[in-house]
Amino acid sequence: MTAPMTITEKILAAHAGQDSVAPGDLIRVDVDLALANDITAPLAIRVFEQLGPREVFDKERIALVPDHFVPNKDIQSAQQAKVMAEFARRHGIKHYFELGESGIEHVILPEKGLVVPGDLIVGADSHTCTYGAVGAFSTGAGSTDLGAIMATGKTWLKVPAAIKVVYEGQLLPWVGGKDLILFTIGQLGVDGANYKSIEFSGEVIRDISMDNRFTMANMAVEAGAKNGIFEPDEITRKYLEKRADREGNYWQSDPDAHYEKTIRIRVDDLEPQVAFPHSPANVRPLSDVGHIGLDQAFIGSCTNGRIEDLRAAAMILRGQTVAKEMRLIVIPGSPDVYKQALKEGIIEDMLDAGAVIGPPCCGPCLGGHMGILAEGEKAIATTNRNFIGRMGHPKSEVYLANPAIAAASALLGRIGSPEEL
Amino acid sequence: MKFKGNVWKFGDHVDTDLIIPARFLNVSDKDELAGSCFVDVRPDFAEHVSPGDIILAETNFGCGSSREHAPLAIKAAGISLVIARSFARIFYRNAFNIGLPILESEDAPDFFSDGDMISVDLATGQIKGEGMDRQFSAKPIPPFMQEIVRAGGLVEYIREKGAL
């Protein structure tokens, strides 16, 4: 009999070829999928090449996604993207996606069915933890680690201790995954889960959609977590059945698995949350925000650039007009999200309201391009980080919120609720 | 390994966007990256940092993105060592992988200020201020990780030893 384990521990044990693992164990694991983007791949490729001439460990288990500074924003970015494209061609990387097919890495990989329950995924991007939404162990790493994984297919990890967050009750209107995770980060602090695993559970989670789960798992790293994870269920199965060739492994945590800490959150009175500058943990309920005038609203990113996010925003924007002197930028997370939004008339509604629509990419989230803030400007964004200078000038401010609140705020010209419209 | 240098003091939660803002990530040359290190919070840093200087910070240093450009920029700017009360997980791993030694110390960050000269022994974790008797402690770094630092990073270490 092995000791009871969490879903994270079960996935790690399976990939280490062991019956069981316990928090603190150092293990060597097989990696199912390795990921890098146009910023992190060039460094990883340099490491890979410094390790000596060789083939990659598996041409079908590396994903290289141009999304951060594409369509290339300047000559230097173009050079970086070219390094990745040429490497992909030279090594026959199956999952390299050129513009047109490409979108935000953490939106397109699940869409294309490349991540399934029970997988172990390492990506040179901190938001790789997004795939915990499908019940995979998924974590961010640096370029050196990724270069070594591209060469060997293996890496070493320390088994994280686990924190369980249990959400109970009934969600209020305009409250979703973004609010749950912002509130949770506010409770934990930006390092409250450093080195740890966060497992999302409870009755609220059992009913919540995949797009909401992606949003929540995506931001686990904002509390410092190594991974955020959901136990895969019928909602997961339904999402993946037409997308993935592989079935995956629907591990569940044992009922008596050990958690370092269990946090219970009653959601009945939970309002939409807004994270104030300059920390994702600096959250306040919408009713405590006060008057914050805005210059820009941004709806998109690996956190909230999926179809349900655009639907929520469109519901508010339909037939309305963006406030005077206010910019609304919407970036669908992938070509599929974009096409679906076109089909549903969402894009037209947004354009009619005065939004500008960008091509699928990370856009202004990390201050790359397509909506950089000037000195003193304030923006509401559906993104994941509001650090100093994150979206532009070091003296600009970013407020994080869900897509419905961002849309309502774009109409109001200040941070506000759809109820005020 | 022993280090001696002047302190650059930082607070809690120094994130990777502060270490190197994303707008400078369109290059991966470490010397170019070094020129933009801390540009938004300490615009004088890149110009005035001297080879061997030491960063001393509070909790959760290096939180945020996984960009390895952050420790690369710090190292290429001339910083020999980063001491903090704690580090974010991905930064910790990246730093050793690129050969930037880092130490966790509970008490040293309270005591020293910008410009103080300190000496540090990586093997014992002892931290001492110039002309001071009082010693501070950090978690020592195990020998194989000191070897990675001495080699200049994980790649160099593997090339020297032929294995990890």
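A, B, ... follow the sequence lines: proteins, then strands. Residue 1 opens every chain. None of these values were measured; they are calculated from a predicted model. Below, all heavy atoms of this structure are taken into account, side chains as well, without hydrogens, waters or symmetry copies.
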Do the side-chain N and O atoms of A:Thr40 and B:Glu68 include a donor-acceptor pair separated by under 3.5 angstrom? no

Taking B:Asp17 first and then A:Arg385, would you say they form a salt bridge - that is, a charged N and a carboxylate O separated by under 4.0 Å? no

If you count heavy-atom pairs under 4.5 Å with chain B, which of A:Asn384, A:Val83, A:Ile39, A:Leu51 comes out on top? A:Ile39

So CG of A:Leu366 and OG of B:Ser65: to nearest 0.5 Å the spacing works out to 8.5 Å

About how many Å separate CG of A:Leu43 and CG of B:Leu33, when rounded to the nearest 0.5 Å? 7.5 Å

So what's closer than 4.5 Å to chain A heavy atoms on B:Asn97: side chain, backbone, both or neither? both

With chain A, which of B:Ala22, B:Ser86, B:Ala70 has the greatest number of heavy-atom pairs at distances under 4.5 Å? B:Ala22

If you compare all heavy atoms of A:Ser126 against all heavy atoms of B:Ser66, which two are closest, and at what distance to 0.1 Å? N-OG, 3.4 Å

Please check if any side-chain donor atom of A:Thr139 sits under 3.5 Å from a side-chain acceptor atom of B:Arg89, or the reverse. yes

At a heavy-atom distance under 4.5 Å, which candidate from A:Ala148, A:Ala81, A:Ala141, A:Ala78 has the highest pair count against chain B? A:Ala141

Drop me the distance from B:Arg67's CZ to A:Ser143's OG, to the nearest 0.5 angstrom. 11.5 Å

Measuring heavy-atom distances to chain A, does B:Leu18 have an atom under 4.5 Å in its side chain, in its backbone, in both, or in neither? side chain

Closest heavy-atom contact between A:Pro42 and B:Ser28? CB-OG, 4.2 Å

Surrounding NZ of A:Lys158 (heavy atoms of other residues, nucleotides or ligands, distance under 6.0 Å), is the total greater than 12? no

How long is the straight-line distance from CG of B:Leu154 back to OG1 of A:Thr144, given to the nearest 0.5 Å? 7.0 Å

Rounded to the nearest 0.5 Å, what separates atom NZ in A:Lys395 from atom CG in B:Asp40? 10.0 Å

Which one of B:Val155, B:Ile90, B:Asp15 has the most heavy-atom pairs closer than 4.5 Å to chain A? B:Asp15

Partner chain B: residue of A:His278, A:His68, A:Gln76 with the largest heavy-atom pair count (under 4.5 Å): A:Gln76

Please flag which part of A:Asn194 lies under 4.5 Å from any non-hydrogen atom of chain B: side chain, backbone, both or neither. side chain

Side-chain donor or acceptor of B:Arg23 paired with backbone N/O of A:His393 under 3.5 Å: no

Heavy-atom closest pair (B:Leu25 atom, A:Phe69 atom, distance to 0.1 Å) is C-CE1, 3.9 Å

Greater than 12 external heavy atoms within 6.0 Å of A:Arg28's CZ: no

Heavy atoms only: give me the nearest A:Gln80-B:Asn26 pair and the separation to one decimal. CG-O, 3.3 Å

Could you report the tightest heavy-atom contact between B:Asn94 and A:Gly142, atom names first, then the distance? OD1-CA, 3.0 Å

Flag yes if more than 12 heavy atoms outside A:Leu26 fall under 6.0 Å of its CG atom; otherwise flag no. yes

Could you tell me which of A:Asp145, A:Val221, A:Ile388, A:Thr128 has the largest number of non-hydrogen atom pairs under 4.5 Å with chain B? A:Asp145

Counting heavy atoms not belonging to B:Lys9, are there more than 12 under 6.0 Å from its NZ? yes

